[in-house]
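What follows is one structure encoded as structure tokens, with my remarks underneath.
As a basis for the values below, the full set of heavy atoms in this structure was taken, side chains included, without hydrogen atoms, waters or symmetry mates.
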Amino acid sequence: MVASNETNLHHSTFILIGIPGLEAAHVWISIPFCTIYLLALVGNCLLLAVIKTEMSLHQPMYLFLAMLSIADLVVSTTTLPKILTIFWFSNKDININACLAQLFLIHSISTMESGFILALAFDRYVAICNPLRHAAILTNRVVAKIGLGVVVRGAVLLGPHPFLLKWLPYCGTNIIAHTYCEFMALAKLACADTSSRRAYSLTVAFLTGGLDLILISLSYVMILRSVFSLPSKEARLKSLGTCGSHVCVILVFYTPAFFSFLTHRFGHVAPQVHILVANLYLLFPPMMNPVIYGVRTKGIWQKVLIICDSKST
């Protein structure tokens, strides 16, 4: 009996059940998921290839965009293969160490994505509010330091998360009602007080995504003030046009992110809705970001057309 209790307190394997209530539709749901992932894979790889080969795109905005594309590829690749094994083969088991590793990668790289979007906002602020000093302020060295700072911030602030959960005792069920390992979903399975751990997770979320969104909003307030002080309507429209792609990326990333975050911690919505939105938050932005910048950015679009034309020839 003692041995059985000790086993229950130290689960070595968890079970990801996918989307509860929609198990019969898992195969059908996997089709759009797989399509979104393939489009994200092709789009981001093509975007990275264009930025790497086209010297005229070796500018701060495109370098930050390349960093965002790499993060998009990593976060979607971290989640989708396991999701598909659940949907296609009912392979729901996941080792606790693999679960914690997935959890760390998802949360830390999502934080990095938010940081790169903030870096893009800073680039637009400097380009519009101080255009004559844009090249002097955002040198390649400064861009590299900002990118490194974003990566270090995500790794350091989210690094404790796996250890905070690994040291908890788990009793009773080892079933995670989700498609991937998520901090709050795993914390709810613990048979110990997790209030301090949840408070830390909430604080980190505010210091990263919340603070990033506040700074992005402030940057756009200053951008709008600068734009509307321009003398001609044509100049105002041209300046606003350079921010259009970035605004779309902000909406695509933060809308599902905050919906998923708030409903998981404070809201009461159907679990199917929450899990579907949580998955779209990880898969939809990586697909849309290259599309948004590819369509709206003339330099990228022209280079993509040249590559496609040369391959067809």
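- Residues Val249 and Ser245 have side chains not in contact (no heavy-atom distance under 4.5 Å, counting atoms from C-beta outward).
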Requested in this report: Determine, stepwise, if the pair His178 / Phe14 fulfils ring-ring contact (aromatic ring centres under 6.0 Å, His included).
Outcome: CA-CA 11 Å; His178 216 301; Phe14 290 95; over 10 Å; no
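- In this structure, the side chains of Thr79 and Phe33 stay at 4.5 Å or more apart for every pair of heavy atoms.
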Report task. Begin from the C-alpha positions of Val143 and Ile146 and carry the test side-chain contact (heavy atoms from CB on, under 4.5 Å) through to its verdict. Result -> CA-CA 5 Å; Val143 169; Ile146 292 174; 5.7 Å; no
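- Closest approach of Val277 and Pro256 over heavy atoms only: CG1-O, 3.9 Å.
- For the pair Phe64 and Ile117, the minimum side-chain heavy-atom distance is 4.5 Å or more.
- Of the residues Leu105, Ile106, Thr111, the one that meets the side chain to side chain contact (heavy atoms under 4.5 Å, CB included) test with Ile109 is Leu105.
- How far OH of Tyr37 is from OG of Ser76: 5.5 Å, rounded to the nearest 0.5 Å.
- Considering every non-hydrogen atom in both Lys52 and His58, the closest pair reads O-NE2, 3.2 Å.
- A donor-acceptor pair under 3.5 Å links the side-chain atoms of Glu182 to the main chain of Ala185, judged by distance alone.
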Query raised in the report: Can you check side-chain contact (heavy atoms from CB on, under 4.5 Å) on Ile94 and Thr13, steps first, answer last?
Result: CA-CA 6 Å; Ile94 185 169; Thr13 303; 5.8 Å; no
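- In this model, no donor atom of one side chain and acceptor atom of the other lie less than 3.5 Å apart for Asn44 and Asn289.
- Here the side chains of Thr179 and Phe87 are in contact, with some heavy-atom distance below 4.5 Å.
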Requested in this report: For the pair Tyr281 and Thr255, evaluate side chain to side chain donor-acceptor pair (under 3.5 Å) and give the outcome as yes or no after the intermediate values.
Outcome: CA-CA 8 Å; Tyr281 157 59; Thr255 302; over 6 Å; no
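- Minimum interatomic distance between Pro286 and Asp72 (heavy atoms only, all atoms of both residues): CB-CB, 3.6 Å.
- Ring orientation note: the planes of His161 and His107 are tilted relative to one another, at an angle of 30° to 60°.
- Hydrophobic clustering, with ILVMFWY side chains joined whenever heavy atoms are under 4.5 angstrom apart, keeps Leu283 apart from Val42.
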Requested in this report: Apply the test side-chain contact (heavy atoms from CB on, under 4.5 Å) to residues Cys181 and Leu100: give CA-CA distance (whole Å), side-chain angles for both, the deciding distance (0.1 Å), then the verdict.
Outcome: CA-CA 7 Å; Cys181 292; Leu100 294 174; over 6 Å; no
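- Applying the salt bridge (Lys or Arg N to Asp or Glu O under 4.0 Å) definition to pairs two or more places apart or across chains, those involving residues 141-164 are Arg153-Asp212.
- Side-chain contact check for Lys82 versus Asn91: some heavy-atom pair is nearer than 4.5 Å.
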Query raised in the report: Where do Val75 and Ser110 land on the side-chain contact (heavy atoms from CB on, under 4.5 Å) test, with the steps shown first?
Result: CA-CA 7 Å; Val75 76; Ser110 296; 4.0 Å; yes
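- Leu186 and Cys99 make their closest contact through CD2-SG, 4.3 Å (heavy atoms, listed as atom of the first residue, atom of the second, distance).
- Note: Leu73 CG to Cys45 SG = 5.0 Å, rounded to the nearest 0.5 Å.
- Remark: Phe284 CZ is loosely packed, at most 12 non-hydrogen atoms of other residues, nucleotides or ligands lying under 6.0 Å away.
- If you chain together hydrophobic residues whose side chains sit under 4.5 Å apart, Leu68 and Leu251 fall into the same group.
- Under the 4.5 Å side-chain heavy-atom criterion for grouping Ile, Leu, Val, Met, Phe, Trp and Tyr, Ile70 is connected to Tyr293 within one hydrophobic cluster.
- Hydrophobic clustering (ILVMFWY, side-chain heavy atoms < 4.5 Å, transitive): Phe253 and Leu215 are in one cluster.
- The two residues Phe104 and Ala155 have their closest heavy-atom pair at CE1-O, 3.9 Å.
- For Gly18 against Pro20, the heavy-atom pair with the smallest separation is O-CD, 3.4 Å.
- In this structure, the separation between CD on Gln102 and CG on Asn97 is 13.0 Å, given to the nearest 0.5 Å.
- The hydrophobic cluster containing Val152, built from Ile/Leu/Val/Met/Phe/Trp/Tyr side-chain heavy atoms closer than 4.5 Å, also comprises Leu148, Val156.
- Residue Ile175 holds its CD1 atom at 8.5 Å from NZ of Lys92, rounded to the nearest 0.5 Å.
- Here the CD1 atom belonging to Ile19 is positioned 4.0 Å from the CG atom belonging to Leu276, to the nearest 0.5 angstrom.
- In this structure, Ser226 contributes its side chain and Ile223 its backbone to no donor-acceptor pair below 3.5 Å.
- To the nearest 0.5 Å, atom CE of residue Met184 and atom OG1 of residue Thr194 are 6.5 Å apart.
- Aromatic ring centres of Phe89 and His26 lie farther apart than the 6.0 Å criterion allows.
- Of the possible donor and acceptor atoms, one in the side chain of Ser30 sits under 3.5 Å from a partner among the backbone N and O of Val27.
- For the pair Leu39/Ile36, no side-chain contact is recorded, criterion being any heavy-atom separation below 4.5 Å from C-beta on.
- Side chain of Thr203 to backbone of Ala199: a donor-acceptor contact under 3.5 angstrom is found.
- Formation of a donor-acceptor pair under 3.5 Å by the Arg197 side chain with backbone atoms of Leu164 is found in this model.
- The shortest side-chain heavy-atom distance between Leu189 and Thr173 falls under the 4.5 Å cut-off.
- Hydrophobic clustering, with ILVMFWY side chains joined whenever heavy atoms are under 4.5 angstrom apart, groups Phe122 together with Val151.
- A donor-acceptor pair shorter than 3.5 Å cannot be found between the side chains of Tyr125 and His134.
- For the residue pair Thr78 / Tyr180, no side-chain donor-acceptor distance below 3.5 Å is found, with atom types taken as modelled.
- Side chain of Thr77 to main chain of Val74: no donor-acceptor pair is present (N/O by atom type, distance under 3.5 Å, no hydrogens or angles).
- For the pair Ile15/Ile17, a side-chain contact is recorded, criterion being any heavy-atom separation below 4.5 Å from C-beta on.
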